[in-house]
Amino acid sequence: MERHLITSAIPYINGIKHLGNLVGSQLPADLYARYLRAKGHEVLFLCATDEHGTPAELAAAKAGKPVAEYCAEMHSVQAELARGFRLSFDHFGRSSSPQNHALTQHFAGKLADAGLIEEVSEKQVYSNTDKRFLPDRYIEGTCPNCGYDKARGDQCENCTKQLDPTDLIEPRSAVSGSTDLEVRETRHLYLRQSVLKDQLDAWIDSKSDWPVLTTSIAKKWLHDGNGLQDRGITRDLDWGIPVRKGKDAWPGMEGKVFYVWFDAPIEYIACASEWAEANGQDDASAQRWWRTDQGAEDVTYTQFMGKDNVPFHTLSFPATILGSGEPWKLVDQLKSFNYLNYDGGQFSTSQGRGIFMDQALELLPADYWRWWLLSHAPESSDSEFTWENFQVSVNKDLADVLGNFVSRITKFCRSKFGAEVPEGGTYGAEEEALIQSLRQRFKSYEEHLEAIEVRKSAQELRAIWASGNEYLQTVAPWTTIKSDPEKAAMQTRLGLNLALLFADLSAPFLPDASKTISAAFGNQENAWPEDVALSLETLAPGHKFDVPEVLFAKISDEQTEEWKAKFSGQ
RNA sequence: GGCGUUAUAGCUCAGUUGGUUAGAGCGAACGACUCAUAAUCGUUAGGUCGGUGGUUCAAGUCCACCUAACGCCA
């Protein structure tokens, strides 16, 4: 049995994610996890919320809540939405967990021991009113270039000129509006990634099977300009993981926390410990997935993420792991996605443009969204969501091809033979041809899923559904029954078995519909086929069934219009 | 300004290391069927593969330049 560790990029805590975020990591990761489980492999699928950093603090302040409380609430909101989309995490953790605190501090200690941490003194803007250092983007003022009065410390949005906070005329805090600012000297820890450059380079080179999108981004960061830059891993904030060297205090770093991008990926590991604890197991069962000296040598580790996260997963996080000198599992396969656009532009959290996870589930059940998103996943380039395309895909693929197939065969059988699988007849040429073709398609479906070719998997699955309709159309049991009832019984029996086979094969994409079909046949257990011909004999003559309710309702033109208007933004 | 990605039928996209008449789904037209969510099945039409030039016996597939969209960086 293979062992697969799967992680999805961890969503940031401040707010509800949109469908672009969902399709870029969590959803395809779920598809892969469900497939591997169905195949009988041992899978640990982890995700978490990324809770530290300034945006979380500010969002909490805006909500008028202590940041810890805010994060706890948003975590449960996101967890609920994940359940709503049927994301089958073995554990949905939190980067603010005690486990991640301890592990992040442990890594920092190990990196310091290895001589990979450097203390750097730098100047930063401090707000006396807010009693905090302000990141560049939280300082506003008048642009010296164009006079725009809401320019940010890193860039003027109006004329796009890059700025330093000290360039701004009449700088003020974006948090409070206070102008009582001063430049202070502060000391921070830097991770000396540059020392690890050759090691990282060689490691990336060894990944010849990675997508070009992934390796080209990594290579660019390694070789562009002065090469891989050292990175600050601490911040002057209250909310976060206190800077410690392992379990010991870190002189000079009192009151500082680790930078969110340092501790967030470490949560992938800590999350396994959270999972173990939540399931009443000791930590060895978590280490068994992560430490190659403690049982993880046979684990295949696959990460899913949007393209913006690639540098952190190919360079920063591996630098942390390699630099520690400890035998932690490194990623084996890294699947990255491009962006999903919304009706001609980008999804935008700040502008409320596009569809957010909570809104989507208010309109339609998870399977509708899962199908469209996965069958249109932005794998090779950015892709585009339009309501028209969504309507057509759902109506055609789900309602007409799959849903109607289940409906027509069960209703036909019920009216001609009663609500149980009919007996009699033997396979002929058409049946052999069907099985032959299904074997071929099934093989190719598995190969695409294995390779995490999401769109191609969806395409193949759709073709499998269509072959059911083709078969019925060709043998026409409604005609056969007039002259040869035995033969019609066989055709109908095969049709019913096809419906159940489709349920099993569709489960990774459409978990709910799959269950509905299985339940109609009184067969709760979803079984992945060993052999197509064999699984087409699952339902024996006499097996009772129910005609399932309508699996997928069609989306009307009126609904499409209404939703389009509702989600246009502004 | 630098770098990168993309540009293939009306729409959404496939096109392995360059090799016979460029593919799929949707949409369109026509036909078949009537069990079914007015569903299904079949046939046909449709593209000078963004532009120009080059390498080659042969280029959508490699190279150069140009154009457009998007993204990243300074």
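Throughout, protein chains are lettered first and strands after them, A, B, ... in sequence-line order, and every chain is numbered starting at 1.
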Value in whole Å for how far the [atom2] atom of [N] lies from [atom1] of [X]:
{"X": "A:Gln391", "N": "B:rG27", "atom1": "CD", "atom2": "C1'", "result": "13 Å"}
{"X": "A:Leu498", "N": "B:rU40", "atom1": "CG", "atom2": "C1'", "result": "15 Å"}
{"X": "A:Lys456", "N": "B:rG25", "atom1": "NZ", "atom2": "C1'", "result": "15 Å"}
{"X": "A:Asn389", "N": "B:rC13", "atom1": "CG", "atom2": "P", "result": "8 Å"}
{"X": "A:Trp465", "N": "B:rU37", "atom1": "CH2", "atom2": "C1'", "result": "15 Å"}
{"X": "A:Gln491", "N": "B:rC35", "atom1": "CD", "atom2": "P", "result": "15 Å"}
{"X": "A:Ile555", "N": "B:rA39", "atom1": "CD1", "atom2": "P", "result": "14 Å"}

Once you apply a heavy-atom cut-off of 4.0 Å, does [X] come out as touching a base, just sugar-phosphate, or nothing?
{"X": "A:Phe552", "value": "base"}
{"X": "A:Leu551", "value": "base"}
{"X": "A:Glu388", "value": "nothing"}
{"X": "A:Ser393", "value": "nothing"}

(request) Confirm from the modelled atom types if A:Asn404 and B:rA36 form a donor-acceptor pair under 3.5 Å, side chain to base only. (result) yes
I'd like a list of close polar pairs between nucleotides 28-34 of chain B and the protein, N/O only, cut-off under 3.5 Å.
{"from": "B:rC33", "atom 1": "O2'", "to": "A:Trp478", "atom 2": "NE1", "distance (Å)": "3.3"}

(request) List for me each residue that meets side-chain hydrogen bond (donor to acceptor under 3.5 Å, both in side chains) alongside A:Lys554, sequence neighbours excluded, and say none if there are none. (result) A:Asp400
(request) Look at the side-chain N and O atoms of A:Lys411 and state whether any lies under 4.0 Å from the OP1 or OP2 oxygen of B:rA39. (result)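 Result: no.
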Pairwise [atom1] distance for [N] and [M], with rounding to whole Å:
{"N": "B:rG60", "M": "B:rA22", "atom1": "C1'", "answer": "8 Å"}
{"N": "B:rU34", "M": "B:rA39", "atom1": "C1'", "answer": "10 Å"}
{"N": "B:rG10", "M": "B:rA28", "atom1": "C1'", "answer": "9 Å"}

(message) Please give the stem ranges for RNA chain B, sorted by first residue number, where a stem is three or more consecutive Watson-Crick or G-U pairs and both donor-acceptor distances are under 3.5 Å.
(response)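 As far as RNA chain B goes, consecutive pairing (with distances under 3.5 Å) yields the stems B:1-7 with B:67-73, B:10-13 with B:23-26, B:28-32 with B:40-44, B:50-54 with B:62-66.
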(request) For A:Glu549 and for A:Ser467, find the nucleotide of RNA chain B with the closest heavy atom, then tell me which residue's nucleotide is more 5'. (result) A:Glu549
(request) On RNA chain B, check which nucleotide each of A:Cys413 and A:Arg462 is closest to and give me the residue with the more 5' one. (result)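 The residue whose closest nucleotide sits nearer the 5' end is A:Arg462.
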(request) Answer yes or no: is there an ion pair linking A:Asp30 with A:Arg86, defined by an N-O contact shorter than 4.0 Å? (result)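 Here A:Asp30 does not pair with A:Arg86 in a salt bridge, since their nearest N and O are not under 4.0 Å apart.
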(message) Do A:Pro311 and A:Ser316 make a side-chain contact, defined as non-hydrogen atoms from C-beta onward lying under 4.5 Å apart?
(response)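 Contact flag for A:Pro311/A:Ser316 side chains = no.
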(message) Checking understanding here: a glycosidic angle within 90° of 0 is syn, the rest anti, so what is B:rG51?
(response)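 Nucleotide B:rG51 adopts anti.
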